[in-house]
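The residues of the chain are indexed from 1 along the displayed sequence.
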Amino acid sequence: MKVDIICVGKIKENYWVDAIKEYTKRLSKYIKINIYEVKDEQTPDKAGEKEELMIKQAEAQRIQKYINNDAILVALAIEGKEMSSEDFSDFFADNEVHSNSHIQFIIGGSLGIDDDLKKKSSKKISFSKMTFPHQMMRVILLEQIYRAYKIKCGEPYHK
């Protein structure tokens with residue numbers, strides 16, 4: 001299985017970098033994982049709806065460069081479907097069974113993901129109705145992928 005995480009923005013804080021490295025290392029036992037970062041757009045304090053739309057479109061164009069049309073594209077979006085860790089594990093298992101061996105997750109910037117990119121996604125997942133910083137979301141996603149593979153392989157993992 002190959003998993004890509006395509007995300008907007010760079011991680012600057014060492015504690016997030018360390019957590020990402022740790023989960024990437026743990027996941028290497030199960031899958032091939034790649035993380036692609038695209039530049040984020042600066043959002044002015046009083047940006048209007050039109051300006052915010054243009055920012056999301058610019059970020060979407062950068063994301064688009066990494067999208068593989070043969071992969072299953074999953075957008076992380078607040079309006080997406082919430083899943084349990086077991087359901088998330090089943091998602092990976094089901095795709096492996098059906099020979100869909102490449103999954104790409106998209107994490108948007110501070111304004112979220114462009115609507116056209118969300119429509120192009122075959123699945124939208126929400127980890128919560130709450131909004132998380134993209135740095136934290138990257139770590140949460142990696143941890144949940146790791147947990148999903150521990151569950152899938154019947155291996156113990158803390159609850």
Side-chain angles (χ1 to χ4, degrees), residues 1-43 52 55-56 58-68 71-96 100-114 117-118 120-159:
M1 173 70 72
K2 180 179 177 185
V3 175
D4 298 333
I5 299 173
I6 308 168
C7 37
V8 176
K10 251 194 170 348
I11 302 289
K12 297 174 186 98
E13 298 87 354
N14 286 334
Y15 51 91
W16 293 129
V17 171
D18 291 343
I20 290 165
K21 283 180 184 174
E22 178 62 27
Y23 281 111
T24 302
K25 183 178 100 182
R26 290 182 187 190
L27 279 165
S28 68
K29 174 181 174 183
Y30 305 101
I31 60 174
K32 180 174 175 24
I33 187 150
N34 297 301
I35 298 174
Y36 301 105
E37 295 178 333
V38 301
K39 182 185 176 307
D40 57 338
E41 291 287 315
Q42 293 299 318
T43 305
E52 287 185 358
I55 288 168
K56 288 195 285 187
E59 291 172 347
Q61 284 181 330
R62 293 184 192 115
I63 290 168
Q64 191 67 42
K65 293 176 186 174
Y66 293 98
I67 292 176
N68 180 323
I72 295 167
L73 191 61
V74 180
L76 300 190
I78 201 161
E79 72 275 12
K81 180 183 178 199
E82 290 186 16
M83 310 171 99
S84 68
S85 294
E86 292 77 12
D87 292 338
F88 198 49
S89 179
D90 290 343
F91 168 71
F92 286 99
D94 291 346
N95 283 296
E96 285 179 1
N100 298 326
S101 59
H102 190 184
I103 299 173
Q104 293 186 303
F105 292 94
I106 302 171
I107 301 174
S110 62
L111 299 174
I113 299 171
D114 179 65
L117 197 51
K118 282 194 254 185
K120 184 178 182 174
S121 301
S122 52
K123 190 169 197 65
K124 288 186 286 244
I125 295 176
S126 174
F127 280 77
S128 171
K129 297 291 182 204
M130 296 179 182
T131 302
F132 297 106
H134 66 88
Q135 303 94 324
M136 183 182 291
M137 196 60 237
R138 200 175 310 180
V139 174
I140 292 170
L141 176 59
L142 285 165
E143 191 280 335
Q144 283 299 303
I145 295 170
Y146 177 66
R147 183 180 297 272
Y149 270 86
K150 295 293 274 186
I151 292 167
K152 183 179 154 313
C153 295
E155 297 172 3
Y157 188 60
H158 62 77
K159 293 187 179 193

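Panel note: side chain Glu41, backbone Glu59; no donor-acceptor pair is recorded below 3.5 Å.
Atom CZ of Phe92 sits about 12.5 Å away from atom CG of Asp87, to the nearest 0.5 Å. Between the NZ atom in Lys150 and the OG atom in Ser85 there is a gap of 14.0 Å [rounded to 0.5 Å]. Atom CD1 of Ile11 is separated from atom CG of Asp18 by 11.5 Å, given to the nearest 0.5 angstrom. From Glu96, atom CD reaches atom CE of Met1 across 4.0 Å, with rounding to the nearest 0.5 Å. Distance check: Ile31 CD1 to Leu27 CG gives 4.5 Å after rounding to the nearest 0.5 Å. Between the NZ atom of Lys152 and the CD atom of Glu86 there is a distance of 15.0 Å, given to the nearest 0.5 Å.
You'll find the side chain of Arg138 reaches within 4.5 Å of the side chain of Ile35, heavy atoms only. Within the 4.5 Å cutoff, no side-chain heavy atoms of Lys10 are placed close to those of Lys39. In this structure the side chain of Phe88 reaches within 4.5 angstrom of the side chain of Ile145, judged on heavy atoms. Between Ile125 and Lys81 there is no side-chain heavy-atom pair separated by less than 4.5 Å. Two residues are said to be in side-chain contact when any heavy atoms from C-beta on lie closer than 4.5 Å; Phe132 and Ile140 meet this criterion. Residues Gln64 and Leu117 have side chains in contact (heavy-atom distance under 4.5 Å, counting atoms from C-beta outward). Contact of the Val3 side chain with the Gln104 side chain is not registered, since no non-hydrogen atoms from C-beta on lie closer than 4.5 Å. In this structure, the side chains of Leu141 and Phe127 come closer than 4.5 Å at one or more pairs of heavy atoms.
Inspection of the His102 and Asp4 side chains reveals an N or O donor paired with an N or O acceptor under 3.5 Å. Judged by distance alone, the side chains of Tyr30 and Glu155 do bring a donor and an acceptor atom under 3.5 Å apart.
Enclosure of atom NZ in Lys129 by more than 12 non-hydrogen atoms of other residues, nucleotides or ligands within 6.0 angstrom is indicated.
Between Glu52 and Lys56, none of the side-chain N atoms (NZ, or NE/NH1/NH2) sits under 4.0 Å from a carboxylate O, so this pair counts as no salt bridge. Salt bridge status for Glu79 with Lys118: present, with a side-chain N to carboxylate O gap under 4.0 Å. Ion pairing between a basic and an acidic side chain is recognised when a charged N comes within 4.0 Å of a carboxylate O; Arg62 and Glu37 show no such pairing.
Pairing each heavy atom of Lys120 with each of Ile67, the nearest pair is NZ-CG2, 4.2 Å. Contact record, Ser110 with Thr43: OG-OG1, 3.9 Å, taken as the closest heavy-atom pair. Across all their heavy atoms, Ile78 and Ser126 have their closest contact at O-OG, 3.3 Å. The two residues Ser121 and Ala75 make their nearest non-hydrogen contact at OG-CB, 3.4 Å.
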Take Asn34 and Lys2 through the test side chain to side chain contact (heavy atoms under 4.5 Å, CB included) and record every step on the way to the result. CA-CA 8 Å; Asn34 297 301; Lys2 180 179 177 185; 3.4 Å; yes
Decide yes or no on side chain to side chain contact (heavy atoms under 4.5 Å, CB included) for Leu76 and Ile106, but give the supporting numbers first. CA-CA 6 Å; Leu76 300 190; Ile106 302 171; over 6 Å; no
Please evaluate residues Ile103 and Phe91 with respect to the criterion side chain to side chain contact (heavy atoms under 4.5 Å, CB included), reporting the C-alpha separation (whole Å), side-chain torsions for both, the decisive distance (0.1 Å), and the verdict. CA-CA 10 Å; Ile103 299 173; Phe91 168 71; 3.7 Å; yes
Checking Met83 against Lys123 for the side chain to side chain contact (heavy atoms under 4.5 Å, CB included) test, could you report, in this order, the C-alpha distance in whole Å, the side-chain angles of both residues, the deciding distance, and whether it holds? CA-CA 12 Å; Met83 310 171 99; Lys123 190 169 197 65; 4.0 Å; yes
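For Tyr66, the ring-ring contact (aromatic ring centres under 6.0 Å, His included) partners are Tyr36, not counting sequence neighbours.
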